[in-house]
Amino acid sequence: METAALIVVLVILLALFFDFTNGFHDTANAMATPIATGALKPKTAVLLAAVLNLVGAFLSTEVSKTISGGIIREDAIIDSGAELFLALIFAGLIGAITWNMLTWLLGLPSSSSHALFGGLIGATLVGAGLGAIDFGMVLSKIVLPALIAPLTAGIIAFIATKIAYTITRRYDNKPDGRDGFRWGQIFTSSLVALAHGTNDAQKTMGVITLALITIGWQSAEHHEPEFWVIVACAFTIALGTYLGGWRIIRTLGKGLTDVKPAQGFAAESSTAATILASSALGFALSTTQVASGSVIGSGLGRRGSTVRWRTAGRIAIGWLLTLPAAGAVGALAALLVVWLGPWGVAIDAVLAVVIILGLFLRSRRNAVTHANAMSDVAESGHAVELPDTPPPTRRQQRIEQARAEAKARQKAKADAKASAKAKKKQQQTTTTKEKGE
């Protein structure tokens, strides 16, 4: 029992660290666009996102219940001992954190949610077998939403972008135009941050609740997270968000989310609506995938912009690799537990610290902060490419044609006036000569 209690403490600490990485990993989903368009200053943006993540974490617990009483059949594992189950959760978290840290180092917008699911599923498969996974729940609450939500968000963003450009006009005659949408982005990006808190913070709550139920510190009849769990997860994800995942913000700010203000407004509105609706239904979505789908949809909705499907495909392949890659690391960590028991947990803990410190120290060689996040953007981050000089709209074409016609009339009038003046002058000269003779 003492060993199990120690493992629970380790699980809680590691789960909170995962929550922290989730915060700085997904900051870009809400704040890369307003930072890139100048709607918000970098530090102001991440502070706003942190506060709203904190608030959002208290709004719902439906996703938490999906994690704590959904994808894993705890009854099938507890029979083998609570200590084993807790060790498998610990191994799964190592898989999720390893993938999160690696993709953060590379500046890749991967899914923290799928990393968590992959790590837990991989560890459970090794330690307890296929029977311990509720594949029906995995399919209905994780896989299908992952396929449907980005598509839905993309369609909504496409329609919203079309509407935004239809009902507004360019009064400033600038290529980007519609700068008023920058103010709207402050509201929509804040809504995305709030939605992120309602969805992603709950995943860590679910993991901790699952561990507490396993050891008997919480009733198995109630999968609602304890209040202290909600508070701890809310503050941890908010702290991670405030520190900012500047590497991923750099990739998304001028790459996947490098859109005009009206597009950013439409994309963020679609992202927030999709995530909030899914949180209410208990779907554990990837906010990264939803945000990306929205941006691509907004890119298709703006005339003159083109979506670079080749790059978007590479990002999608990265998403596909997230779950199996995190699952493989979780499975390897679980093997040590199965082979070595408590010593395996100790070795896993040491390896986790080494991996985290190693990746962090590697990141210091080319540090990315709020000061240089937008100064150099990797080409691989571009998914939506916009021409430097977009083609004129039909209204602009009519205005230019009217201006050209007016200019032509003025020129013709001036030429006629000059011609008449010259003719009159010539006549006066002729008359003068005749009088002289």
In the structure I gave you, are the side-chain heavy atoms of Pro225 and Ile208 within less than 4.5 Å of one another anywhere?
no

Under 4.5 Å between any side-chain heavy atoms of Thr209 and Ile213, yes or no?
yes

What's the spacing between Leu125 CG and Ile133 CD1 if we round to 0.5 Å?
5.0 Å

Go through the side-chain N and O atoms of Asn100 and Thr21 and say whether any donor and acceptor fall under 3.5 Å apart.
yes

CZ on Phe90 to CG on Leu120, rounded to 0.5 Å
13.0 Å

Are any non-hydrogen side-chain atoms of Leu191 and Ser269 less than 4.5 angstrom apart?
no

How about Thr204 and Thr236: do any of their side-chain heavy atoms sit closer than 4.5 Å?
no

Write down the atom of Asp19, the atom of Ile237, and the distance for their closest heavy-atom approach.
OD2-N, 3.4 Å

Are Met205 and Ile230 side-chain neighbours, meaning at least one heavy-atom pair lies under 4.5 Å?
yes

Spatial distance of atom CG (Leu212) from atom CD (Gln218) [nearest 0.5 Å]
5.5 Å

Do other residues, nucleotides or ligands put more than 12 heavy atoms under 6.0 Å from Phe135 CZ?
yes

Side-chain H-bond candidate by donor/acceptor type, Ser294 with Thr271, under 3.5 Å
yes

Would a distance-only check, ignoring hydrogens and angles, find a side-chain to backbone donor-acceptor pair under 3.5 Å from Ser363 to Phe360?
yes

If you define the side chain from C-beta out and look only at heavy atoms, does anything of Ile355 sit under 4.5 Å from Ile97?
no

Got a second to check how far Asn22's CG is from Cys233's SG, nearest 0.5 Å?
10.5 Å

Using every non-hydrogen atom in the two residues, find where Val337 and Ala87 come nearest and quote the distance to one decimal.
CG1-CB, 3.3 Å

Do the side chain of Ser270 and the main chain of Ala267 share a donor and acceptor less than 3.5 angstrom apart?
no

Supply the atom-to-atom distance Leu300 CG to Lys162 NZ, rounded to the nearest 0.5 angstrom.
9.0 Å

Atom of Met101, atom of Leu359 and distance for their closest heavy-atom approach
CB-CD1, 3.3 Å

In the structure I gave you, are the side-chain heavy atoms of Thr241 and Leu47 within less than 4.5 Å of one another anywhere?
no

Are Phe17 and Ile356 close enough, and set up right, to give a side-chain contact (heavy atoms from CB on, under 4.5 Å), and what steps lead you there?
CA-CA 10 Å; Phe17 184 77; Ile356 292 168; 3.5 Å; yes

Does the pair Val126 and Leu332 meet the rule for a side-chain contact (heavy atoms from CB on, under 4.5 Å), with working shown?
CA-CA 8 Å; Val126 168; Leu332 290 174; over 6 Å; no

Could you walk me through whether Leu210 and Ile89 pass side-chain contact (heavy atoms from CB on, under 4.5 Å), step by step?
CA-CA 9 Å; Leu210 185 60; Ile89 296 175; 3.9 Å; yes

Take Phe227 and Phe58, measure what side-chain contact (heavy atoms from CB on, under 4.5 Å) needs, and give me the verdict at the end.
CA-CA 9 Å; Phe227 181 73; Phe58 289 92; 4.2 Å; yes

Taking the side chain as everything from C-beta on, heavy atoms only, tell me whether Leu147 gets closer than 4.5 Å to Leu151.
no

Shortest non-hydrogen pair, Tyr242 vs Val46, comes out as O-CG2, 3.4 Å

For Trp228 and Ile12, work out which heavy atoms get closest and say how close.
CH2-CD1, 4.0 Å

Measuring from atom CG of Leu16 to atom CZ of Phe20, what distance do you get when rounded to the nearest 0.5 angstrom?
11.5 Å

I need the minimum non-hydrogen distance between Ala193 and Asn53, along with the two atoms involved.
O-OD1, 3.3 Å

